[in-house]
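Heads up, the thing below is written out as structure tokens.
If you read the sequence from its start, that first residue is 1, and numbering goes on from there. Below, each value reflects all heavy atoms present in this structure, side chains not excepted, and no hydrogens, waters or symmetry copies.
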Amino acid sequence: MVKDLVRRGRRARAQGRWTEAHAAYRAAFEATDPASGTELERAEIAGELGLCELALRMYRDAAEHLAWSLEQREALPPAQQQRFGEGLRKARPFVATLILAVDPPDAEVFVDGKAIGRTARTYKLFFEPGQHMVRARAPGRGESLHGLRAVAAAEHEISMKLPDAAVSSAKDAAPAVPELASASPPARAKDPGPPASWPGTLRTAGIAVTTATLSAGSLLMIRATSLDGDLSERRDGLNGGAAAPGSRCRQAPERPACVELRRLRDERNLSAGVGAAMLIAGGVIGAATAASFFTDFSFLGLTPAPDRMRASPVATGREIGVRIEGLW
């Protein structure tokens with residue numbers, strides 16, 4: 001099964017069908033049994049998978065698989081070492097590199113809530129640019145958290161030492177110092193009524209809708225670009241240096257290759273159209289939300305409370321959003 005998948009991936013790669021090649025190599029890599037498969041086989045599949053991901057602009061995955069393959073460089077022929085090393089050098093400018101040291105080495109490490117799946121004293125990880133959270137835990141130890149703002153083409157270093165459970169439990173068990181009773185109870189701040197809170201609520205909703213709309217529009221435009229690349233590859237393959245692909249498809253419109261070309265074209269146009277519309281709508285909503293911060297609501301007899309709300313952007317490799325905190 002693994003050999004059949006590898007042969008399928010090689011044929012697709014030779015014909016420039018990178019999406020199909022990537023799917024075949026990924027299935028082969030996941031089907032390879034580390035216990036029974038040879039080190040050379042897994043290293044070769046990981047390297048070829050990384051080169052497919054590089055061609056598809058999946059830079060973080062490409063760097064991860066190519067680096068893993070090169071860790072077994074002793075098992076690879078010199079020609080493959082050179083190919084995979086060149087691919088890793090091309091992927092590095094688009095990703096951030098993290099050298100993570102963990103003590104104890106058997107600690108379980110999570111990145112953005114996802115377990116890495118291996119234990120080691122030192123890790124070499126790759127991130128897409130943006131904000132990330134690294135967490136480590138181990139039996140009998142306290143947890144350790146570390147935020148990381150990843151920068152493309154930069155190398156970051158983090159050292160995480162988990163505290164002893166006895167130390168953390170002693171802190172938790174420390175008796176609380178009783179507070180002295182005051183002559184009069186402190187005055188409780190009066191919660192803002194509905195009329196005073198509606199401007200902040202609308203601004204919060206505007207920020208959330210703007211972020212979601214712009215994020216979805218950007219993803220659709222990226223997908224349209226990817227589909228356009230696939231469409232160009234298939235059109236060039238159909239062309240073959242002879243007649244134009246349009247004339248071939250007019251002569252035989254029911255050919256599977258022509259049907260696939262029309263499907264890709266329609267999907268690309270739909271993604272581009274919807275993405276552009278969402279970007280425009282997000283820009284309009286964002287402009288209106290930004291303008292509300294400079295609007296004086298005193299003529300309505302209301303007092304917005306901007307100091308009660310705080311919005312901070314959050315971006316990871318798989319999601320973009322806004323964290324909003326406060327009272328309204």
Side-chain angles (χ1 to χ4, degrees), residues 19 56-61 93-96 112-114 127-133 147-154 191-232 235 261-328:
T19 302
L56 295 172
R57 299 182 180 89
M58 302 166 63
Y59 298 113
R60 192 205 68 82
D61 293 337
F94 300 94
V95 297
D112 296 330
K114 182 180 179 181
F127 293 86
E128 293 180 352
Q131 195 70 28
H132 301 273
M133 179 63 68
L148 170 67
R149 183 175 180 80
V151 179
D191 294 334
S197 63
W198 70 264
T201 302
L202 290 180
R203 289 168 180 165
T204 300
I207 293 173
V209 173
T210 300
T211 303
T213 306
L214 291 178
S215 301
S218 300
L219 291 175
L220 286 172
M221 294 301 291
I222 293 173
R223 175 168 174 76
T225 302
S226 177
L227 289 171
D228 187 65
D230 290 345
L231 181 62
S232 298
R235 185 186 297 118
L261 280 177
R262 289 196 297 272
R263 185 191 67 79
L264 285 175
R265 182 195 60 196
D266 294 342
E267 192 172 350
R268 178 203 61 186
N269 293 342
L270 178 62
S271 297
V274 176
M278 295 190 76
L279 289 176
I280 294 172
V284 173
I285 298 173
T289 303
S292 71
F293 284 92
F294 301 96
T295 302
D296 184 9
F297 294 95
S298 59
F299 70 94
L300 296 175
L302 305 176
T303 306
D307 57 324
R308 295 178 180 269
M309 183 184 70
R310 182 178 65 184
S312 57
V314 176
T316 68
R318 295 177 173 80
E319 59 184 1
I320 302 174
V322 174
R323 180 182 291 112
I324 302 172
E325 301 172 349
L327 298 173
W328 51 82

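Side chain of Thr225 to main chain of Met221: a donor-acceptor pair is present (N/O by atom type, distance under 3.5 Å, no hydrogens or angles).
Residues satisfying the salt bridge (charged side-chain N to carboxylate O under 4.0 Å, His left out) criterion with Asp228, sequence neighbours excluded, are Arg268. Scanning for salt bridge (charged side-chain N to carboxylate O under 4.0 Å, His left out) contacts around Arg149 gives an empty result, with sequence neighbours left out.
Note that CD of Glu128 is 7.5 Å distant from CG of Asp61, once rounded to the nearest 0.5 Å. Considering CZ of Arg265 and CZ of Arg263, their distance stands at 12.0 Å, rounded to 0.5 Å. Atoms CE and CG, on Met133 and Leu148 in that order, are 9.5 Å from each other to the nearest 0.5 Å. A distance of 10.5 Å separates OG1 of Thr211 from CD1 of Ile285, quoted to the nearest 0.5 Å.
Across all their heavy atoms, Ala224 and Ala272 have their closest contact at CB-N, 3.7 Å. The two atoms that bring Leu220 and Met278 nearest to each other are CD1-SD, 3.8 Å, heavy atoms only. The minimum heavy-atom distance between Leu214 and Gly283, with the atom names listed, is CD2-N, 3.9 Å.
Counting only residues at least two apart or in different chains, salt bridge (Lys or Arg N to Asp or Glu O under 4.0 Å) contacts with residues 214-227 comprise Arg223-Glu267.
Using cut-offs of 30° and 60° for the angle between ring planes, the Phe127 and His132 rings count as tilted.
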